[in-house]
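Worth knowing before you read on, the calculation uses all heavy atoms, side chains too, and leaves out hydrogens, waters and symmetry mates. Throughout, residue positions are numbered sequentially from 1 according to the sequence presented.
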Amino acid sequence: MKILLTGGAGYIGSHTAVTLSAEGLEPVVLDNFSNSHPVVMERLAHLCGGPLTLEQGDVLDTPWLTGVLLRHQPVAVVHFAGDKAVGESVAQPLKYFHNNIGGAVSLMRAMVQAVAEGGWPRPPALVFSSSATVYGDPATVPITEDFPRSHTNPYGHTKLVIEDMLSAQHAADPSWRVGVLRYFNPVGAHPSGLIGEDPDGMPNNLMPFVAQVAIGRRPHLSVFGNDYPTPDGTGVRDYIHVMDLASGHVAAVRALLAKPGSFTVNLGTGQGHSVLDMVRAFERASGRPVPYRIAPRRAGDVAQCWADPGRARTLLGWQATRSLDDMCADAWRWQSGNPNGYRSP
Ligand code: NAD
Ligand code: UDP
């Protein structure tokens with residue numbers, strides 16, 4: 001049973017590939033390496049007990065993608081491929097509308113085409129990487145899936161539009177099975193320390209930044225605001241171990257294959273942790289100090305955001321099991337073993 005992973009060489013895709021493989025499914029990795037490194041394929045071969053099939057190319061290339069579907073006959077597609085830097089999306093919105101929305105349109109058209117050509121068995125099953133960013137600034141926490149959606153930047157806008165496109169396609173052709181997964185804050189790494197998050201340049205996200213401070217690549221962390229209405233004044237998020245997130249994808253694929261229909265679920269732990277909680281947990285895991293300075297709030301940040309993960313538990317039989325200490329320990333193993341990510345010697 002092949003599962004096609006667009007963006008499968010990236011952070012979440014690579015961890016999902018390992019988890020699918022451990023569960024007896026066969027991941028096929030499709031990537032153009034625009035935000036990942038080919039070395040990941042060697043690491044995946046090591047973790048999966050043999051090389052994975054790689055289709056190197058661009059999701060924007062619909063005829064090629066149709067050929068990939070016809071050649072591999074995947075039972076489901078997980079669509080990770082896309083650009084994800086919020087700040088860059090504000091500076092270069094067209095890049096995001098083109099690659100994210102254009103990529104999703106291209107993939108869906110390729111799926112329609114592959115079915116129409118009669119070579120790909122129905123029903124099309126598609127899992128999509130959405131984000132808690134679609135909730136904008138939530139009025140209350142925890143957040144359930146029926147909260148109103150909004151966007152505050154072009155990246156978030158693309159997620160919202162793609163969700164709407166998927167629901168329109170499902171309405172037009174109810175044989176489609178669509179699983180929309182709204183991730184909260186994925187962090188951590190595979191416990192082997194062989195694969196992990198490898199941001200290019202200055203990390204935007206908290207955990208990779210903290211890891212780089214602990215290893216000595218950066219002098220200190222800037223804590224963006226300590227005057228939020230939260231217990232210690234710093235921002236609170238629902239950090240989820242990337243291996244828990246990966247098993248959420250396996251559960252979503254299995255649910256789509258088991259019965260017709262579509263769903264949208266939050267993938268989070270249901271627990272919030274502050275920036276300072278994260279700093280302390282990382283110091284414990286690494287045994288290194290993480291110096292920090294209080295800086296002004298970052299534009300667009302919300303005070304607190306965490307999931308109600310109840311629907312994922314009910315619909316998918318999935319829940320996160322790993323703690324903040326596990327997330328930090330695994331992130332530190334990856335960071336200390338690969339101080340410069342996949343470019344490390
Ligand atoms: P990532 O950048 O590590 O992985 C994305 C992969 O897609 C990369 O390997 C990149 O080379 C590839 N890619 C991009 N455009 C492509 C194209 N046109 N054709 C083929 N390959 C292409 O990102 P990630 O953290 O693994 O995120 C995966 C998905 O999850 C993204 O859609 C992202 O928006 C979403 N998401 C991520 C987070 C997070 O915090 N990491 C949170 C919520 C949602
Ligand atoms: N944060 C911070 N310093 C950093 C990066 C992030 O204080 O260098 C804070 C940020 O303000 C937020 C939390 O850490 O409260 C998580 O930020 P991240 O960018 O990882 O996730 P998101 O804001 O997208 O949920």
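- Between Val86 and Asn204, the closest side-chain pair of non-hydrogen atoms is not below 4.5 Å.
- Phe263 and His170 have their aromatic ring centers separated by at least 6.0 angstrom.
- Residues Thr62 and Ser106 have side chains that bring a donor and an acceptor to within less than 3.5 angstrom of each other.
- A donor-acceptor pair shorter than 3.5 Å cannot be found between the side chains of His72 and Glu26.
- Ring to ring, Phe33 and His37 are not that close: their centroids are 6.0 angstrom or more apart.
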Mind listing the side-chain donor-acceptor pairs of residues 286-295 below 3.5 Å, one per line with the distance, residues two or more places apart or on another chain?
from, atom 1, to, atom 2, distance (Å)
Ser286, OG, Phe282, O, 2.8
Ser286, OG, Arg288, N, 3.1
Arg288, NH1, Ala214, O, 3.2

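- A donor-acceptor contact closer than 3.5 angstrom is absent between the side chains of Asn185 and Asp238.
- Using modelled atom types and a 3.5 Å distance limit, the side chains of Ser323 and Asp326 yield a donor-acceptor pair.
- Residue His220 qualifies as enclosed at atom NE2: its count of foreign heavy atoms under 6.0 Å is above 12.
- The neighbour count for Arg109 CZ, taken as heavy atoms of other residues, nucleotides or ligands under 6.0 Å away, does not exceed 12.
- The side chain to side chain contact (heavy atoms under 4.5 Å, CB included) test with Phe147 is passed by exactly one of Thr140, Val134, Asn266: Thr140.
- For an aromatic pair to be called close, the ring centres must be under 6.0 Å apart, and Tyr96 with His157 fails this.
- For Asp308, the side chain to side chain contact (heavy atoms under 4.5 Å, CB included) partners two or more places apart in sequence, or in a different chain, are Pro142, Thr144.
- Taking CD from Glu55 and CG from Asp31, the interatomic distance works out to 12.0 Å, rounded to the nearest 0.5 Å.
- In the hydrophobic clustering, Leu60 connects to no other residue, as no ILVMFWY side-chain heavy atoms lie under 4.5 Å from its own.
- Here CD1 of Ile162 is found 5.5 Å from NE2 of His79. Values are rounded to the nearest 0.5 Å.
- Between Arg149 atom CZ and Ser130 atom OG the span is 8.0 Å, to the nearest 0.5 Å.
- With hydrogens and angles left out, the side-chain atoms of Asn338 and Arg43 include a donor and acceptor closer than 3.5 Å.
- Side-chain contact annotation: Ser247 with Trp318, donor-acceptor N/O pair under 3.5 Å present.
- Using a 4.5 Å heavy-atom threshold, the side chains of Pro191 and Met243 count as touching.
- Using a 3.5 Å distance cut-off with no hydrogens or angles, the side chains of Tyr155 and Glu88 do not pair a donor with an acceptor.
- Using modelled atom types, one finds no donor on one side chain facing an acceptor on the other under 3.5 Å when comparing Gln304 with Thr230.
- Seen from the ring of Phe184, Arg237 does not count as a face-on cation partner, given the 6.0 Å and 45° thresholds.
- Between the side chains of Tyr135 and Arg182, at least one donor-acceptor pair of N or O atoms lies under 3.5 Å.
- In this structure, Tyr239 has its ring center no closer than 6.0 Å to that of Trp306.
- No donor-acceptor contact under 3.5 angstrom links the side chains of Asp330 and His190, judged on distance only.
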